[in-house]
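Predicted model only: the values in this text are computed from it and were never measured.
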Amino acid sequence: MSEVTVDPGRAEMAGRAEPAVTDPAPAGARLGGTEPDGTDQDEAGQRLADQRWLGLEVGDAEEAGPGPAVTRASVVMAERHLTQLQRMYGGTGLSLVGALVEAATGRSLRWATAQFVGSPRRGERLDLVAEVLAAGRRTSQVRVTGSVDGRVVLAGLGASGDVNPAIPDGTVPGMPVVPAPEECRPSVLPIPPGVAPGFFGMVEMREFSKGPRLRFWMRFPGRPATRPAILPMVADSVPTMVMAALGQRGSGSSLDNTIRVGSAPDSEWVLVDGTPEQASGGYGYGSVRLWSPDGSLAGVGSQTAALWFRRD
């Protein structure tokens, strides 16, 4: 649930970062080779590192007889998972869904969506259950349900899949011509004194343009932002840019977040190229393209949110 606020015509984003979160992958996790199930060890190690960086504890898969295979996981809500209002950040919720889809299937995330019907708070444990509804030759389809003390707070769907080398890669749009991150000024989020920054305390952002077309660079120091399970956190910016397009100071609470994963090499920096599309009846939606510095399309995100004015 996005809680970033802006002044009209300017997307003021976070520039205060916590100390870099070091990569917690176990020694030897990137040595290459394959696991017994054919999974590349390097990718398996990266997925494990993503889970640990997110604070996600994943259990072993459970065979459910004729029903779908089930994988359970949990995470205790900490400052890094929250918005300034101390509720779970929507992008983080979708990242947790994506990481669990990968863990449950052993395949790379291709698409995920989540609808939020509640909001875990600091110290609460979010329990997640992934059910593999279909596991084909190349593609798996998964349902994820998240709850706190038995109360459902999110419902997600995801698809993961293996590479088909027979189909050529290609990207239709081109990355916009923008300054490199090092040439851009640090972004500043107007956080009131005494208010914890939440998720935005561990990111670095660089801005270079003004106006409702929200474009900025973002990274998590020490961790590739182009990882499939990390991209949803980068994409969660639609409510902010919709309100800016209206000439208003405000943001919104996500009803849903969606990510479609592209193909990009590991990179700390991601360019967020946002397009506000509509506000209607107090709700807004839009989309973002997420670019790697080398011009690869890392993914495409979209959101629907209940909009609100900035709380001064």
| Straight-line distance of Ser251 OG to Trp308 CH2, nearest 0.5 Å | 4.5 Å
| request: Using a 4.5 Å cut-off on heavy atoms from C-beta on, say whether the side chain of Leu126 contacts that of Ser74. | output: no
| said: As a quick check of understanding, evaluate side-chain hydrogen bond (donor to acceptor under 3.5 Å, both in side chains) for Ser296 and Trp291, giving each step before the final call. | reply: CA-CA 6 Å; Ser296 302; Trp291 299 95; over 6 Å; no
| query | Does the Arg80 side chain pair with the main chain of Trp53, one donor and one acceptor, at a distance under 3.5 Å? | reply | yes
| request: Could you tell me whether the side chain of Phe309 reaches within less than 4.5 Å of the side chain of Met243, counting heavy atoms only? | output: yes
| Mind checking whether Met205 and Val203 have side chains closer than 4.5 Å, heavy atoms only? | yes
| Just one of Arg122, Met77, Arg121 clears the side chain to side chain contact (heavy atoms under 4.5 Å, CB included) bar with Met88, so which one? | Met77
| What distance separates Arg215 CZ from Ser237 OG, expressed to the nearest 0.5 Å? | 12.5 Å
| According to a 4.5 Å side-chain heavy-atom criterion applied to Ile, Leu, Val, Met, Phe, Trp and Tyr, with indirect links allowed, do Val132 and Val101 form part of one hydrophobic cluster? | yes
| field | Spacing of Ile230 atom CD1 and Glu268 atom CD [to the nearest 0.5 Å] | value | 12.5 Å
| query | Out of curiosity, Thr145 OG1 to Asp127 CG, how far, rounded to the nearest 0.5 Å? | reply | 11.5 Å
| query | Do Phe116 and Leu56 sit in the same hydrophobic cluster, where Ile, Leu, Val, Met, Phe, Trp and Tyr count as joined when their side-chain heavy atoms come under 4.5 Å apart? | reply | yes
| Looking only at heavy atoms, which two atoms of Met175 and Gly295 are closest? And how far apart? | SD-CA, 3.5 Å
| Would Leu54 end up clustered with Val153 when hydrophobic side chains under 4.5 Å apart are linked, directly or stepwise? | yes
| task | Using modelled atom types only, decide if a donor and an acceptor are shared between the side chain of Arg110 and the backbone of Gly161 within a distance under 3.5 Å. | result | yes
| field | Residues Tyr285 and Gln278: side-chain donor-acceptor under 3.5 angstrom | value | yes
| request: Answer yes when Asp162 and Arg107 have at least one side-chain N-carboxylate O distance shorter than 4.0 Å, and no when they do not. | output: yes
| request: Quick one: closest heavy-atom pair of Met202 and Pro221, and the distance? | output: O-CD, 3.7 Å
| message | Donor-acceptor pair, distance only, cut-off 3.5 Å: does the side chain of Thr113 make one with the backbone of Asn257? | response | yes
| said: Looking at Thr226 and Ser267, would you say the former's side chain and the latter's main chain have a donor-acceptor pair under 3.5 Å? | reply: yes
| note | Residues Val288 and Gly274: closest non-hydrogen pair is CG1-CA, 3.6 Å
| note | Distance col, row Thr92:OG1 vs Leu82:CG, nearest 0.5 angstrom, shows 8.0 Å
| query | Can you find a heavy atom in the side chain of Thr105 that is under 4.5 Å from one in the side chain of Val142? | reply | yes
| said: Keeping Thr83 on the side-chain end and Leu85 on the backbone end, is there a donor-acceptor pair under 3.5 Å? | reply: yes
| task | Find out whether Asp50 and Arg223 are in side-chain contact, i.e. whether some heavy atom of one side chain is under 4.5 Å from a heavy atom of the other. | result | yes
| message | If I compare all heavy atoms of Trp269 with all of Pro293, which pair ends up nearest, and what's the gap? | response | O-CD, 3.2 Å
| request: Test Arg72 against Glu62 for side chain to side chain contact (heavy atoms under 4.5 Å, CB included), laying out the working first. | output: CA-CA 8 Å; Arg72 302 180 189 276; Glu62 306 169 10; 3.1 Å; yes
| query | Short question: side chain of Glu79, backbone of Gly198 - any donor-acceptor pair under 3.5 Å? | reply | yes
| field | 4.5 Å side-chain heavy-atom contact, Leu255 and Gln115 | value | no
| task | Determine, step by step, whether Ser108 and Arg47 satisfy the side-chain hydrogen bond (donor to acceptor under 3.5 Å, both in side chains) criterion, reporting the C-alpha distance in whole Å, the side-chain angles of both residues, the deciding distance to 0.1 Å, and the verdict. | result | CA-CA 9 Å; Ser108 295; Arg47 290 177 192 156; 3.1 Å; yes
| task | May I ask you to check whether over 12 heavy atoms, not counting those of Asp149, lie within 6.0 Å of atom CG? | result | no
| task | Considering non-hydrogen atoms only, spot the tightest contact between Ala225 and Phe220 and give its length. | result | CB-CD1, 3.9 Å
| said: Any non-hydrogen side-chain atom of Leu100 less than 4.5 Å from a side-chain atom of Thr71? | reply: yes
| Flag, side chain of Gln141 to backbone of Ala135, donor-acceptor distance under 3.5 Å | no
| query | When you measure from the side chain of His81 to the backbone N and O of Val75, does any donor-acceptor pair fall under 3.5 Å? | reply | no
| task | Would you please classify the geometry between the Tyr89 ring and the Phe200 ring as parallel, tilted or perpendicular, with 30° and 60° separating the classes? | result | perpendicular
| Polar contact flag, side-chain donor to acceptor under 3.5 angstrom, Ser160-Glu102 | no
| request: Please check if Phe216 and Leu231 belong to a single hydrophobic cluster, counting links between Ile, Leu, Val, Met, Phe, Trp and Tyr side chain heavy atoms closer than 4.5 Å. | output: yes
| said: Keeping Arg260 on the side-chain end and Val300 on the backbone end, is there a donor-acceptor pair under 3.5 Å? | reply: no
| If Ile, Leu, Val, Met, Phe, Trp and Tyr residues are connected whenever their side-chain heavy atoms lie under 4.5 Å apart, and connections chain through other members, are Leu94 and Leu157 in the same group? | no
| message | Around atom CD of Glu57, are there more than 12 heavy atoms from other residues, nucleotides or ligands closer than 6.0 Å? | response | no
| task | Any chance you could lay out the side chain to side chain contact (heavy atoms under 4.5 Å, CB included) test for Arg289 and Leu271, step after step, and finish with the verdict? | result | CA-CA 8 Å; Arg289 289 174 179 164; Leu271 173 66; over 6 Å; no
| Tyr283 vs Leu307 side-chain heavy atoms within contact, under 4.5 Å | no
| task | Could you grab the distance from atom OG of Ser254 to atom CZ of Arg87, nearest 0.5 Å is fine? | result | 12.0 Å
| task | Go through Gln303 and Val242 one step at a time and tell me if the side chain to side chain contact (heavy atoms under 4.5 Å, CB included) criterion holds. | result | CA-CA 11 Å; Gln303 275 178 273; Val242 170; over 6 Å; no
| query | Looking at Val58 and Ala103, what are the two nearest heavy atoms and their distance? | reply | CG1-CB, 4.0 Å
| task | Apply side chain to side chain contact (heavy atoms under 4.5 Å, CB included) to Arg185 and Phe208, showing your working. | result | CA-CA 7 Å; Arg185 63 184 180 275; Phe208 54 85; 5.5 Å; no
| said: Taking Arg227 first and then Glu43, would you say they form a salt bridge - that is, a charged N and a carboxylate O separated by under 4.0 Å? | reply: yes
| Partner set under side chain to side chain contact (heavy atoms under 4.5 Å, CB included) for Asp256, not counting sequence neighbours | Thr258, Thr304
